[in-house]
Amino acid sequence: MKSKIGVYICHCGGNISDYVDVNKVREAVKDIEGVEISVDTMFACADSSQKQISDDISKKQLDGLVVASCSPKLHYPTFSAVAERGGLNKYNYVHANIREQVSWAHSDDKIGATEKAIKIVKAAIVRVKESVSLKPIEVKAQKSIAVLGAGVAGMRAAKELADLGIQVYLIEREHFVGGRISQLDYLCGADETGKELVTHLYEKIHEHTNVTLFTGAEVIKKSGSIGNFKIQVKITPRFIKNECNRDELLKAIEVCPVEVDDDFNFNITKRKAIYRNYDSEYPQKPTIDNKNCTRCGECEKVCSSIDFSQKEEILDLTVGSILAATGFDPYQPKEGEFGWGIGNVVTLPQFRRIINMCDDKLIYKGKEIKDIAYIYCVGSRQVDGDNKYCSRYCCTATLYTSILTHKKYKDIHSFHFNRGIRTYGKQEVIYDEASRLGDIFLQSYEYDPPEVTKLNGKTNVKIEDILTSGSEIDVDADLVVLVTGMEPRNDCSIGDVLKIPKGRDRFYNEIHMKLRPVETVIDGVTIAGACQGPKNIMESMNSALSAAAKSYSIVNKGELSLEPIIAKVDKETCVWCGKCAEACPFDAISMIKENGKDIAEINLSVCKGCGMCLPVCESNSIDMDGFTDLEIESMISVLAGS
Amino acid sequence: MAKINPKFTDELKKYGAFDTNACYNCGHCTAVCSLSTEDDSFPREMVRFSVLGLEENLKTSLKPWLCYYCGECSETCPRQAFPGELMMTLRRWLTAKYDWTKLSGLLYKSLPVSITFFLLVIAAVIGFGSYEKFDTEKIMHLGHYFEMFSIAGVFAFILLPNIIRMWYFTIVKAGVKVKFVTYFTKIWELIVHMFTQKRALGCDDNQLRWFEHLILVIGYLSLLFTTVVLDWFGTESTFIIWLGYAESAVIFIVTFIFMYERVKKSKELARHAHPSDWFFVIWLFLMGLTAFIVRIFIDADLIENNLWMYLIHLTVLVQWALIIVPFGKWTHFLYRSFAMYFDALKKIK
Ligand code: SF4
Ligand code: SF4
Ligand code: SF4
Ligand code: SF4
């Protein structure tokens, strides 16, 4: 029970004192038992006032502090720091909000406002009396980090962390690194191709002793908490020996009789069951696609490096933090959406692969392509569908693609059926270039999209063009390119394993879009790249480096201090009904045996102090440090009393 | 439903326009144009039609003729798409479309063809001179006849059919219903615009140019009258002689100022002049100047021994009457006036 409490009541320069009689409030609380001093001040947050308060604490040996002022959102951190400067444990500070909750809300009733302010300050005083000093919880942190996804974001983050001396486990689900960027040859605004970029990053990672790369690997289980995550990694075999013969392997690819759609080329070509996506791909070993391999044995006949005896492995790793950079999937148009399925209609990613395959003439399905209609925002900014967001990269990517076709082939005409071009920032010059090359832009509203039809063997695109006062305009195109946006990975099981919450757009969600853009509510798990939402390469890199820095800051000291406002179990009364464990959204509660009795135990570094477990406990065995029943009940009795 | 023709801007480039595709439809040009109105909004719409290659929409539009090329829009355009230049280009293109002989288009698009035509005229005049054994009296007499017949011929066989074609495109094809009597009640519009070009006054900062233009039109028409009807080169009347001197002087002085401006490129409109614009002013200047000198030669009794001077004048005259008037920029004078007339017809509901 605290007995030397300092109470400070702020005028907020009239914001409070114009409606609340601050003097009266001070008078009303000054004689309460335990209140050592009570002061009213013009601006409690002013430097001089802060100094006064901390001096009072140390000189008068105060053991509790109440500041009645504005919202705790604004100045709780300020005054708890003042308390600490005066030598007081910050959990012995209670903030009373008499501005947002009183003066601003009741400016029409000064007497009532003053009465309410008195009650709120009194409640704060009784709470501070019952408050206990708390110490941050110290936990050990592993100096290793798991980076999930070896696309450009994941590889860049891995390299950065490795340079900082952290042991990095780079875990890639595919058998090759590079993710989506390796599917791009030319990159807008860069001299390198996507493949070169990937090679470049891979080489950096490869030479680093701090990075261990797992391909064909997936995290299937996670336990533990920030500083000490235990993860289980399932590694699927490649069926190729470590020491392998390149020429024989190429032969093996040749003889394999199984042909399936090549998803690297978005199904416009075929590949074998033993395959690699392109020559310079890393790791420089093909893999056998277990799903489609018939085990016919043809490859084994020509190649000694094949090894069908390889087994799936499970690996246990302990890491201090997890950085997820698992990327996106391109939107897959629905049957009939903008002519999808009528032939001569492809998606932008497919078109990029087609351009890659055609050298001096643009040929698709045996026909030369001259007139290209691009339809924008397919699968983004949907009126009816779920994808309300703009995919950000596609306007620029499309215009860049169009410029590419003009440079590579002759007599190309591009028609851009858009809903407003969003080549933001420096990318505006791409728009400028395309427009001066003679590209034609047609614009419609979201509720009036262009129509694609097959007319007398020609693919026709029609629009009510708002730039031509809504007139109906159409063009016959040799090829229609659907500018498909980004979607969250279809298989997002990793998010479920890690329990990363998703936003309304179904991408992984950060804590705060602006202030904490790479952290998730799961302490110790950060996100980077397009798994968080549509991003271009530069933005992915920015977030990868930022997430790397954040993850690094968690593990670099080898220990962590955590907020001590957490739940605790009364071992005497707990009878382990398990209801709390069910209620806890963070899996912080588990059962342990103590003295032959089953009881609940709370993992200190996982509990977030949300309080969900408290009301479900029938034996009332759980209490919350910092918000104990005693504190809350004493406040209620003051507020409810007359 | 209109089909896009992406190749159309390439065609327009031959008539002078450039970088029309840079337009991003901001509408600044239309906002600053002091002649654009809510009913007749331009030039953005014309830029848009051109970019999309909607030839029908352009062919049936009178808007290009409503622009007097102050250049304000081109100066304002944030994309340097030169909308004013495009309007000028469309006028050339329309001239070519109205012309049933298709010679206009040929001359506009190709400088070599134009030069060849001019050279052919020179050869023909010299040939004619030698055929007539350089008999001054006879040649000047026939020259006077040429003036009369060329005016009548060009009007009857070229200009009139072309005006009818223009009427067909912009009124009939455009689907405008006009009552027969309206054609008469509105004829006043035609006369006023033809002689005063009063619409150009609507352009900001354009008073001086309009004034120069007005003087030029009056000077030109009255010189035409003086030479053709009053037979300036043959008359004995002192009044007519001095009238002719004054008129021809006005023409070459004003055109000289025009050319001077063009060379100095002081004005936006002068910055992108097309060869056809040059031909127009230069030939007008030469007409005024050579007529002036020929009359001096006559008064000084020099012409008998210096027939070459008259032949030069005749060459200029023939080039003017057979090339520039029917197929060149001269027609603008006519089409513009008719455009105002047709526009007035359209507005009657
Ligand atoms: S970037 Fe452009 S094409 Fe992509 S969703 Fe946004 S507006 Fe549409
Ligand atoms: S307070 Fe919340 S996070 Fe902590 S154990 Fe209880 S329910 Fe779980
Ligand atoms: S040149 Fe002048 S009159 Fe012609 S469209 Fe532009 S602003 Fe209007
Ligand atoms: S000002 Fe230029 S860019 Fe804007 S609408 Fe006119 S021509 Fe187009």
Side-chain angles (χ1 to χ4, degrees), chain A residues 369-374 395 399 402-403 405-406 410-423 428-444 450-451 453 455-456 458-478 480, chain B residues 1-14 17-31 36-61 63 74 77-83 85-86 89-90 174-175:
Chain A
I369 306 296
K370 296 267 182 211
D371 294 347
I372 306 164
Y374 296 94
C395 274
L399 290 168
S402 166
I403 294 171
T405 58
H406 288 300
K410 274 199 214 75
D411 300 328
I412 297 283
H413 292 114
S414 302
F415 308 94
H416 302 269
F417 292 84
N418 66 86
R419 276 167 51 190
I421 295 289
R422 297 183 171 179
T423 43
E428 184 70 6
V429 295
I430 304 288
Y431 166 79
D432 185 69
E433 191 178 342
S435 126
R436 286 185 202 273
L437 278 170
D439 281 14
I440 291 177
F441 295 84
L442 300 115
Q443 198 171 331
S444 63
E451 271 171 43
T453 45
L455 266 179
N456 320 323
K458 285 184 173 163
T459 311
N460 183 278
V461 187
K462 185 174 77 183
I463 192 173
E464 278 171 27
D465 179 32
I466 54 179
L467 302 178
T468 318
S469 32
S471 322
E472 205 165 90
I473 309 250
D474 74 317
V475 76
D476 287 334
D478 300 324
V480 174
Chain B
M1 195 149 78
K3 222 167 216 92
I4 304 175
N5 173 9
K7 298 194 182 88
F8 184 64
T9 37
D10 290 336
E11 170 78 2
L12 274 188
K13 274 187 191 139
K14 297 183 191 144
F18 50 97
D19 234 0
T20 308
N21 279 91
C23 166
Y24 57 24
N25 290 288
C26 65
H28 273 75
C29 49
T30 300
S36 167
T37 61
E38 212 169 307
D39 294 335
D40 281 322
S41 155
F42 60 88
R44 190 202 71 86
E45 190 187 60
M46 293 293 119
V47 178
R48 185 66 185 159
F49 287 163
S50 305
V51 168
L52 298 180
L54 306 183
E55 290 191 42
E56 275 312 302
N57 298 37
L58 290 167
K59 221 160 88 178
T60 52
S61 177
K63 290 179 185 177
S74 290
C77 173
R79 300 278 298 164
Q80 284 85 44
F82 297 105
E85 183 54 29
L86 175 81
T89 304
L90 286 176

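A, B, ... follow the sequence lines: proteins, then strands. Residue 1 opens every chain.
For A:Leu437, no part lies near chain B; criterion is any non-hydrogen pair under 4.5 Å. Only the side chain of B:Phe49 comes within contact range of chain A, with heavy atoms under 4.5 Å apart. Only the side chain of B:Arg44 comes within contact range of chain A, judged by heavy atoms closer than 4.5 Å. Looking at A:Asp439, the atoms closer than 4.5 Å to chain B (heavy atoms on both sides) all sit in the backbone: N, CA, C or O.
Most heavy-atom pairs under 4.5 Å with chain B: of the set A:Ser471, A:Ser469, A:Gly438, A:Ser414, this distinction falls to A:Gly438. Of the listed residues B:Thr9, B:Leu54, B:Asn5, B:Asn25, the one with more heavy-atom pairs under 4.5 angstrom with chain A than any other is B:Asn25.
Counting heavy atoms from C-beta on, the side chains of B:Arg48 and A:Asp465 come closer than 4.5 Å. Residues B:Asn21 and A:Ile440 are in side-chain contact: their nearest non-hydrogen atoms beyond the backbone lie under 4.5 Å apart.
The CD1 atom of B:Ile4 sits 11.0 Å away from atom NE2 of A:His413, with the distance rounded to the nearest 0.5 Å.
With A:Thr468 as the partner, the side chain to side chain contact (heavy atoms under 4.5 Å, CB included) test is satisfied by one option alone out of B:Leu52, B:Val51, B:Asn57: B:Leu52.
Residues B:Ala22 and A:Ser435 share a closest heavy-atom pair of CA-OG, 3.4 Å. Considering every non-hydrogen atom in both A:Tyr431 and B:Arg79, the closest pair reads CE2-NH2, 3.9 Å.
Within a 6.0 Å radius of NE2 in B:His28, no more than 12 heavy atoms belonging to other residues, nucleotides or ligands are found.
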